[in-house]
Enquirer: 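Dumping the structure here so I can ask a few things about it.
Atoms considered below: every heavy atom in the structure, side chains included; atoms not considered: hydrogens, waters and symmetry mates. Keep in mind that this is a model prediction, so the values were computed, not measured. Here is the naming used below: chain letters follow the sequence lines, and residue numbers restart at 1 for every chain.
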Amino acid sequence: MLLKIARSSLYNRRISALLTLLTIAISVALLLAVERVRVETRNSFSNTIAGIDLIVGARTGPVQLLLYSVFRIGDATNNIRYATYEEIAKHPQVAFAIPISLGDSHRGFRVIGTTADYFEHFRFGDKRKLEFAAGEPFADLYDAVVGAEVARALGYTLGQQIVVAHGTGRVDITRHDDKPFRIVGILARTGTPVDRSVHVSLQAIEAIHIDWQSGARLPGRAVDAETARTMDLQPKAVTAVFVGLKSRVAAFSIQRQVNDFRGEPLLAIMPGITLAQLWSLIGVAENALRLVAACVVIAGILGMITALVTTLNERRREMAILRSLGARPWQIGLLLVIEAAVLTALGATVGVIVLLLGMVALAPWLASAYGIFIQPFAMGVPELILVGAVVVFGILAGLVPALMAYSRSLSDGLSIRV
Amino acid sequence: MSEALIELRNLTFGWTRNRVDLEIAALDIARGERVFVRGASGSGKSTLLSLLAGVNVPRSGTLRVLGQALGSLSGTARDRFRAEHIGYVFQQFNLLPYLSARDNVVLGLNFSRERATRVANRKAMADELLQRLGLDARHIGALASELSVGQQQRVAAARALIGAPELIIADEPTSALDADTRDQFLSLLIDASTAAGSAVLFVSHDSGLRAHFDTTLDLHTLNRARVA
């Protein structure tokens, strides 16, 4: 019965109740969104690379090496010699070594120079292999394999010609338009930066830069695409090497050997350990976001309490009537707690629905713009606990107006004060 | 079971420590009796009603309702006692505006186990009482806030009567009604309470209504406390 009274009473004040409910809904949606994005970002990052035991690059910060080699965030400051790569590749403990060469782009998407090993040995997510949605790996010098997102965003199909630009800006300023590439393969979607990459051979990277020096085209010494084929295209440098070991136990000793390499300053990192370092950096920002979201929830619930407390005066008559019918003061208090519970529970439910709709709407954009792949319906126990905590908090906060109503109905008795 | 409904002896009460607002030597009301209490505002009317309803307890003296000394009960026990044995009709504006007329009447049973057991079908009983008190059938499902003052008063009376409590206390329930409606309402209320076997304690400043009652008490002479 109290439930019915609470429901009818709330319906009677439906405008303010609705606004209160919306405040709570938005705060809950924000709280869950922060959590969701946090978890999905971590998942996206963790899923990006698998089966790689070491990443070797020029000496720099470990996090930086990880960011530019795996996540294609930022640029390398230095390359390593091709000879060094060859030396790593023939180390007895090394199962495979995938060289990558970065520095060019195609309409905002990174271009990676690599070898056929990339398609053979690269793993992501749950040690999954790269698969071709169409076509095959590059064979000719001017062949390119594009990621799923590149093909989708730019509407590319097999056989189409594309031009690679120098540098990694969003707008192509200086283009290698004298040596166009032909798309021979489109990779299946992986949910990793691979989707946003264009893959060509190391020799192709060499070929398009053959008439360049220090980042600029040499005037009067242009080499056309066909002539370039006949020249020496032996790569001189690569940006980083993904190394797979025969035994993971050897990882630490190989890492030490690489870091002590006398030929040039190198850095070897273990992706998992460096990822953990990255999280501890990002953790500060994450916690700040969560704190802000929690504060918004607190503000929402304070708003609800304000709304309930301000109605207490106009509801003194209602309380006195209930008292005259024999309602105990604690039942009057309970009525307020029920109202707070109904408001927060409904608000939280609406919040979850708003979030789901929002994520369904925004997921494609987040995937293409930031490479964060969100699964809207993957909400689990942590989210439920969070929502539950908000509802419990709302009910506890409802004790404030409840206690006020309780003490008032004790002192007012049956006298109706208007 | 004793025949006395209300038995009051040497009662005093004051709202603040050093004041006496009510002092009554003796007051007896029998079961099923219909009593008219005449009292202007300031005569201690509200004070007496709050004591009879068990909202407040006497400072001294005894007050027994149905043989139960209210002063010896805890606040919660008095609340329960009121719910079980007393139907209360207020001056006006006494319904929950967001419930229908019928739901307002049924509400009277929700805090009272004894009264609820006397009613087999709550909805049918509410409708019957409302119709007996002269509310049109088409208004029974309407929200209380949509009813006229006279109609609201009938709903309030039906709510007090449902479940046949031993005592109906009516606090100036007719002051908002015009003369014709008032007399009609009063005879319907008396008839309905007679049918339910409930005593009626009717408080008003309007002595023109006394003809409907068995007994008339004047609070001015009854209350020996003089309040400025």
Side-chain angles (χ1 to χ4, degrees), chain A residues 1-18 20-21 307-308 311-339 342-343 346 402-403 405-418, chain B residues 15 45-47 49-57 74-100 103-116 122 143-145 152 155-156 159-160 162-163 165 169-172:
Chain A
M1 187 61 200
L2 280 177
L3 204 64
K4 183 181 181 177
I5 297 175
R7 207 184 58 205
S8 308
S9 183
L10 279 176
Y11 182 74
N12 189 44
R13 290 172 280 127
R14 54 189 169 278
I15 305 262
S16 78
L18 204 67
T20 306
L21 198 146
L308 286 181
T311 58
L312 282 187
N313 260 336
E314 21 182 304
R315 296 177 68 193
R316 275 192 148 165
R317 177 183 298 134
E318 186 181 326
M319 311 275 162
I321 292 166
L322 288 171
R323 285 276 286 148
S324 78
L325 295 173
R328 264 65 104 195
W330 67 261
Q331 287 173 313
I332 306 276
L334 183 62
L335 184 68
L336 271 295
V337 172
I338 291 176
E339 285 182 16
V342 167
L343 282 175
L346 277 181
L403 286 174
Y406 174 84
S407 67
R408 272 191 193 185
S409 64
L410 270 183
S411 66
D412 282 7
L414 302 191
S415 61
I416 294 185
R417 295 165 198 211
V418 185
Chain B
W15 288 102
K45 188 184 61 178
S46 309
T47 312
L49 294 185
S50 78
L51 289 167
L52 291 178
V55 176
N56 295 106
V57 292
S74 71
T76 314
R78 277 181 279 124
D79 284 333
R80 192 168 301 136
F81 188 85
R82 173 169 66 251
E84 302 289 10
H85 303 292
I86 301 174
Y88 207 104
V89 188
F90 288 99
Q91 192 167 355
Q92 57 178 355
F93 301 122
N94 36 17
L95 305 177
L96 294 184
Y98 45 78
L99 294 181
S100 69
D103 284 342
N104 263 289
V105 176
V106 172
L107 194 60
L109 294 175
N110 281 294
F111 301 99
S112 164
R113 204 169 300 129
E114 266 182 54
R115 284 168 70 183
R122 297 180 176 204
L143 286 184
S145 55
Q152 289 189 37
V155 178
R159 185 179 61 192
I162 196 165
I169 296 177
D171 182 4
E172 299 266 16

Enquirer: Identify whether NZ of Lys or CZ of Arg in B/R78 sits under 6.0 Å from the centre of the six-membered ring of B/F81 and within 45° of that ring's axis.
Expert: no

Enquirer: Out of A/R13, A/R328, A/K4, return the one with the most heavy atom pairs under 4.5 angstrom to chain B.
Expert: A/R328

Enquirer: Taking side chain as everything from C-beta outward and backbone as N, CA, C, O, which of these in B/R159 sits under 4.5 Å from a heavy atom of chain A? Side chain, backbone, both or neither.
Expert: side chain

Enquirer: Considering only heavy atoms, which portion of B/S112 lies under 4.5 Å from any heavy atom of chain A: side chain, backbone, both, or neither?
Expert: neither

Enquirer: Checking the side chain of B/D103 only, and the main-chain atoms of B/L99 only, is there a donor and an acceptor separated by less than 3.5 Å?
Expert: no

Enquirer: Quick check: does any side chain N or O of B/R82 sit under 3.5 Å from a backbone N or O of A/R323, one acting as donor and the other as acceptor?
Expert: yes

Enquirer: For B/E84, does its backbone N or O pair with a side-chain atom of B/R115 as donor and acceptor, under 3.5 Å?
Expert: no

